[in-house]
4 protein chains.
Amino acid sequence: MPKKTYFHLSEEKRGRIFDAALQEFATHSFSEASINQIIKNADIPKGSFYQYFANKEDLYLYLLETVANEFAEPLKHEQEISQEADVFEVIKLTTREFFELEHIKPEYIEIRMRMEVDTNEFIKKIRKASAERYTKLIERDKERGLIKPDADAEIIVNMISSFSLNEYYRNKPDVQGYLKKLDEAINMIKEGVTVGQDKEIGKPGRSNNDSRG
Amino acid sequence: MPKKTYFHLSEEKRGRIFDAALQEFATHSFSEASINQIIKNADIPKGSFYQYFANKEDLYLYLLETVANEFAEPLKHEQEISQEADVFEVIKLTTREFFELEHIKPEYIEIRMRMEVDTNEFIKKIRKASAERYTKLIERDKERGLIKPDADAEIIVNMISSFSLNEYYRNKPDVQGYLKKLDEAINMIKEGVTVGQDKEIGKPGRSNNDSRG
Amino acid sequence: MPKKTYFHLSEEKRGRIFDAALQEFATHSFSEASINQIIKNADIPKGSFYQYFANKEDLYLYLLETVANEFAEPLKHEQEISQEADVFEVIKLTTREFFELEHIKPEYIEIRMRMEVDTNEFIKKIRKASAERYTKLIERDKERGLIKPDADAEIIVNMISSFSLNEYYRNKPDVQGYLKKLDEAINMIKEGVTVGQDKEIGKPGRSNNDSRG
Amino acid sequence: MPKKTYFHLSEEKRGRIFDAALQEFATHSFSEASINQIIKNADIPKGSFYQYFANKEDLYLYLLETVANEFAEPLKHEQEISQEADVFEVIKLTTREFFELEHIKPEYIEIRMRMEVDTNEFIKKIRKASAERYTKLIERDKERGLIKPDADAEIIVNMISSFSLNEYYRNKPDVQGYLKKLDEAINMIKEGVTVGQDKEIGKPGRSNNDSRG
DNA sequence: TATGAATGAGGGTTCATTCAT
DNA sequence: AATGAATGAACCCTCATTCAT
């Protein structure tokens, strides 16, 4: 965690430092990231940096925590959405809402992506907490009779989140394209991709385009 | 590619170098990985290293290629399995067979995992080639009438592979636990997780709280 | 150019570094010169060196520029001397004055000597500028009727400067001996060495086209 | 000096080694020159090199000596030319003849140029011997009454040779241009450049043996 | 004699961190 | 608290030479 001097800084200066760090760690791994680059971009003296943070790792963890919290924090409308919609709708909608947040920077997702290969215990905890919000919704939806009771909630969440990150990373500037793919993926998990017997699909007279409704 | 000197080495020595490199690159990104550490672990003089490899990148690419080939190479029974089974069975069975291969080391998967965040063009190619094997099977299964024609093959493959890597990485020493989760995930994609008959769920005008039920 | 840190150094320390570098580059070509040797002789830590200079080339060019400026800078009395004396007197006198300058170190000439074989564009420019001062004087003296109009100014300057450097280099510690030889060489260029018609210059009634055979 | 094994080599192979070394040392200073490059260009194994030469310096000195001897060796017609012509004609003519020699490679002159900054005692000796041929001719011409008795022979030779090397180096591919400038320079030394009484010598239509007198 | 792998000192450079002002 | 110079370990890589076969 930053030293208290960091929090005594003017918001403007603190922001400069934060943004510079964000950008550096979004584009470089921990050891590739350069303190020199950060202080240069933040336009602060080298000595000052060590007034604010104990060392490189201190800054890094602070960044991760901030980013993770951003992901973990329920969105404005999440509460009300959650009331009626199922977990899948919640994920779709909150993901959309997330990208519409003004203070969410593209770097956040890059860093979140890098967290995946991170073995740091602290990071693991953050990741787990983030997943828990959704596993809880899944359990609720099971009770609601919307989701098969024997479906493993954790697996569902992991599947969606790992795909989501990956896909974002590959589509990078094209958020709309990414959101569309995410929708498709979630739909597959919901409905399955096999043509068949389950779901009563295939039962005579019942198909995708059947007349019920 | 290594120089020919490398291949003239005794199997024991070559193994020492390969393993040391494997371990280093499994636990560090390219720029974090240290040649010094590798030669120390392999117990070879610094000069010798450069007798075997042109430079750090040369070693790295060699490792990647080896790992990628290991993943890309069709397994013993893959051919015959593919004949009758659907793509999902193929994935399940080949993954199992893969882990039963004696020469597959845990580091292989770590490195494969790191490839995901790699922007190197060469790596991208490898990744793509690896995915293509399965997208083709999916297209085949669509024609067989096993998979919904409008399901995007690429998304399916990405979903499975990103989940697979991630899950392996988290379960690390427990391969059996990992394989079980992979099965479950694949089943979910196959069958879907929602309770219900239809597939119209989520379609515009049809929502969770529709009059059914 | 050195970083500003270098110029903030105490004169003593800056001198130590400068002298060490001077000596190294006076006795070695660019690629032969060793930063390690320089910092050892200057007794500064390796890291400090790179606090003062961007890299080896930075130091080298700084040295060259310093040396070149020393050579290019008009001497105290050059201006007034130039007024009346011919180019040859100017060269003789300024060369003498140059060696009387206290801050001129023998290494300067060694480095200047090495510049002769340097193909670096920057060096070429310096060399050219240095020569131009004298070619201009020669052209002036042609107009004054002191020098034959068809004598190639550039050749004269090259002849004197290449001889001068060479001779200094060979006589090295004996500056007086060198100066004497330079005088003789210049006189030869002025008057020629062949036995002929001239050389009773100024004597009434004796000219080029006199009747002696 | 090379080991005897070197001289036992086939002329073809020996030539390959010599040429490769020549090229390397013509384009690089001693420590910049790379044995690796030489054996690669000569297409011989590394171990073999050390069968032929004790070390890098051994090869270098051998090369220098060979080159120096080439410069020192009187040319075919030098003897007869020397009989009647003065030293300046001899220099002009032999320089021309030198460049017409088939076995003289451009690299010879580059290496000769590099010898100038060489402080090696052995090289100094070679250089001196080379100069001596001409100082002797000058002394002879003094006795012949062609050259002023008080002109220092060594200075004359140094002036011409230092200019010659320098000029060749700068004009490099243009040998004709270089030879013309050399002629001019020599003429200046002969006749002088100051306007005196004579000095129409050398002007078109007016030569040493003009009709005057 | 021929070979080419083995060696390690040395090269230039970077960088997080400390410290004196 | 603010500064920026000082530091040295670590980085990747090159190379002449030696040595075992």
Side-chain angles (χ1 to χ4, degrees), chain A residues 3-6 8-9 13 30-39 44-60, chain B residues 3-10 13 30-40 44-59, chain C residues 3-10 13 30-40 44-59, chain D residues 3-6 8-9 13 30-39 44-60:
Chain A
K3 300 179 181 175
K4 63 176 187 284
T5 43
Y6 175 70
H8 291 165
L9 253 32
K13 189 170 186 176
F30 178 75
S31 64
E32 282 164 348
S34 156
I35 295 286
N36 277 350
Q37 204 57 54
I38 292 172
I39 63 163
I44 58 166
K46 192 168 228 176
S48 295
F49 176 84
Y50 286 89
Q51 296 283 2
Y52 309 144
F53 297 92
N55 50 34
K56 194 180 179 181
E57 195 184 3
D58 190 20
L59 166 64
Y60 182 57
Chain B
K3 302 180 181 176
K4 63 174 186 289
T5 340
Y6 175 71
F7 296 108
H8 292 166
L9 253 32
S10 76
K13 190 169 187 176
F30 177 75
S31 62
E32 281 163 348
S34 159
I35 296 284
N36 278 356
Q37 206 57 50
I38 292 171
I39 63 168
K40 200 172 131 193
I44 57 165
K46 190 171 265 192
S48 294
F49 175 83
Y50 287 91
Q51 208 74 336
Y52 310 142
F53 297 92
N55 50 34
K56 192 182 179 179
E57 194 183 2
D58 189 21
L59 167 63
Chain C
K3 302 179 180 176
K4 64 174 184 290
T5 339
Y6 174 71
F7 296 108
H8 293 166
L9 252 32
S10 76
K13 190 169 186 176
F30 177 74
S31 61
E32 281 163 347
S34 158
I35 297 283
N36 278 356
Q37 206 55 51
I38 292 172
I39 62 168
K40 201 172 130 194
I44 57 165
K46 192 172 259 195
S48 294
F49 176 83
Y50 286 91
Q51 208 75 338
Y52 310 142
F53 297 92
N55 49 36
K56 193 182 181 180
E57 193 183 2
D58 189 20
L59 166 63
Chain D
K3 300 180 181 175
K4 63 175 187 285
T5 43
Y6 174 71
H8 292 166
L9 253 33
K13 189 169 187 179
F30 178 75
S31 64
E32 282 164 348
S34 158
I35 295 286
N36 277 350
Q37 204 56 53
I38 292 172
I39 62 163
I44 59 165
K46 193 167 229 178
S48 295
F49 177 83
Y50 286 89
Q51 296 284 1
Y52 310 144
F53 297 91
N55 50 34
K56 194 181 179 180
E57 198 184 1
D58 189 20
L59 167 63
Y60 182 56

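Within every chain, numbering begins at 1; the chains are lettered A, B, ... in the order of the sequence lines, protein sequences first and strands thereafter.
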Task: Stems where DNA chain E pairs, listed by first number, each of three or more Watson-Crick or G-U pairs under 3.5 Å - done: E:2-21 with F:2-21
Open item on the list: Holding to side chain to side chain donor-acceptor pair (under 3.5 Å), I want the full list of residues that pass it with D/Gln37, two or more places apart in sequence or in another chain.
Closed with: none
Task: Short side-chain N/O contact from B/Lys3 to OP1 or OP2 of E/dA6, under 4.0 Å - done: no
Task: d(OH, B/Tyr52; C1', F/dC13) in whole Å - done: 16 Å
TODO: Could you pick out which residue, B/Ala33 or C/Lys4, lies toward the 5' side of DNA chain F when each is mapped onto its nearest nucleotide?
DONE: C/Lys4
- [ ] Check whether any side-chain nitrogen or oxygen of D/Ser48 sits under 4.0 Å from OP1 or OP2 of E/dA2, and answer yes or no.
- [x] no
TODO: Not counting sequence neighbours, which residues clear side chain to side chain donor-acceptor pair (under 3.5 Å) with A/Thr5? List them please.
DONE: none
- [ ] Give the rounded distance in Å between these two atoms: NZ of C/Lys40 and C1' of E/dA9.
- [x] 13 Å
TODO: Apply side chain to side chain contact (heavy atoms under 4.5 Å, CB included) to A/Lys46 and list each qualifying residue two or more places apart in sequence or on a separate chain.
DONE: A/Asn36, A/Ile39
Task: Phosphate OP1/OP2 of E/dA5 contacted by B/Tyr6 side-chain N/O (<4.0 Å) - done: no
Task: Counterpart residues, ring pair (Phe, Tyr, Trp, His ring centres under 6.0 Å), relative to B/Tyr6 (two or more places apart) - done: B/Phe53, B/Tyr62
TODO: Check the distance between E/dT7's C1' and B/Ile44's CD1 and give it to me in whole angstrom.
DONE: 11 Å
Open item on the list: Determine whether a donor-acceptor pair (N or O, by modelled atom type, separation under 3.5 Å) exists between the side chain of A/Lys13 and the backbone of A/Ile44.
Closed with: no
Polar-atom pairs under 3.5 Å, protein N or O versus N or O of nucleotides 17-21 of chain E: list them with distances, or write none.
{"residue": "E/dT17", "atom": "OP2", "partner": "A/Tyr50", "partner atom": "OH", "Å": "3.2"}
{"residue": "E/dT17", "atom": "OP2", "partner": "A/Lys56", "partner atom": "N", "Å": "2.9"}
{"residue": "E/dT17", "atom": "O4", "partner": "A/Lys46", "partner atom": "NZ", "Å": "3.2"}

TODO: May I ask you to verify if any side-chain N or O of B/His8 is less than 4.0 angstrom from the OP1 or OP2 atom of E/dG4?
DONE: no
- [ ] In whole angstrom, give the distance that lies between atom CD of C/Glu32 and atom P of F/dT14.
- [x] 19 Å
Open item on the list: Closest approach to the side chain of C/Ser34, judged atom by atom: which nucleotide of F/dT3, F/dA1, E/dG12 is it?
Closed with: E/dG12
- [ ] Could you tell me the separation between the CG atom of A/Leu9 and the C1' atom of F/dA2, rounded to a whole number of Å?
- [x] 11 Å
